[in-house]
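A quick write-up on the structure given underneath.
None of the values given here were measured: they were computed from a predicted structure.
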Amino acid sequence: MDKAQQDALKKAAGIEAAKLIQDGMIAGLGTGSTVRFLVDELGRRVQEEGLKFTGVTTSRRTQEQAEGYGIKIVNIDDVDHIDITIDGADEVDKNFNGIKGGGAALLWEKIVAINSNKVVWIVDQSKVVDTIGKFPLPVEVIPFGNGQVIRKFEAKGYKPTLRLDAAGKPVLTDENDYVVDLHLGRIDHPQELAEDLIHTVGVVEHGLFLNMVDQVIVGDPAGPRTLINPNK
């Protein structure tokens, strides 16, 4: 599938997800290529249909895009609840376990998600897998001592790499942390891995989002389809 076809599927999923946002809602807006289409559609609804809602964003990129459409964006600490958060995902499997953080926004994304009454992911068909892990698992680490954390991960067989930008400098998150990607191939015991990672000193957060999503809207050539998590 070429990029234009993939973008068409992402756009269809984004437009479908935008229907979930109604007047008066407080909505978490995620980050990434699929969410861009969602925010475009919400911007259209704000301008053409007079939709009024308040957004909480998971990255500065999304905030700038949303504010460009006149969408009201507030700080997460200024709301007492979030009705729904719509975000992308890098992989999601049949158990509704996901990997996020390909765009290095996993920490803010997880904070917004766990404070949301409902979590919806929008993905194209290529992100739906049997078992997560082919997509490298992002782990946010503080810069101090990151080499020691990487050595610990190497010793455990996690195949870590420090994420670098085009200039060869470490990619920085919105909190000015580094991202270490774990090239695991497949993750058969995500819960155990999550526990191990979060208890590693120097790790701020990891990109395993386990049983956190309520529904997944999949951009499919036949039209968007929705997968409902039966465990939520």
Check the surroundings of atom [atom1] in [X]: do more than 12 heavy atoms from other residues, nucleotides or ligands lie under 6.0 Å from it?
X      : atom1 : answer
Gln191 : CD    : no
Lys232 : NZ    : yes
Lys52  : NZ    : no
Lys11  : NZ    : no

Are any side-chain N or O atoms of [X] and backbone N or O atoms of [Y], one a donor and one an acceptor, separated by less than 3.5 Å?
X      : Y      : result
Glu91  : Gly133 : yes
Arg45  : Ile21  : yes
Arg163 : Leu172 : no
Asn146 : Ile142 : no
Asp90  : Gly102 : yes
Asn229 : Val213 : yes
Lys110 : His206 : yes
Asp2   : Gln5   : yes
Lys100 : Gly88  : yes

Tell me whether the rings of Tyr158 and Phe153 are parallel (<30°), tilted (30 to 60°) or perpendicular (>60°).
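Ring orientation, 0 to 90° scale: tilted.
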Residues that Pro143 engages under side chain to side chain contact (heavy atoms under 4.5 Å, CB included), provided they are two or more places apart:
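Once residues adjacent in sequence are excluded, the partners of Pro143 under the side chain to side chain contact (heavy atoms under 4.5 Å, CB included) criterion are Asp177, Tyr178.
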One thing to verify: whether Asp40 and Arg44 come together as a salt bridge, which I'm taking to mean a side-chain N less than 4.0 angstrom from a carboxylate O.
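Looking at Asp40 together with Arg44, the answer is no, because their closest N to O distance does not fall below 4.0 Å.
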Does the pair Lys156 and Asp196 meet the rule for a salt bridge (Lys or Arg N to Asp or Glu O under 4.0 Å), with working shown?
CA-CA 10 Å; Lys156 289 178 177 178; Asp196 183 59; 2.9 Å; yes
Non-hydrogen atoms of Ala13 and Val123 that approach each other most closely
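That closest heavy-atom pairing would be CB-O, 4.1 Å.
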Measure from NZ or CZ of Lys10 to the centre of the six-membered ring of Phe37, then state whether that distance is under 6.0 Å and the direction lies within 45° of the axis.
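Judged by the rule, Lys10 and Phe37 form no cation-pi pair.
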Would Leu208 and Val180 show up in the same hydrophobic cluster when neighbours are defined by side-chain heavy atoms closer than 4.5 Å?
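Result: yes, single cluster for both.
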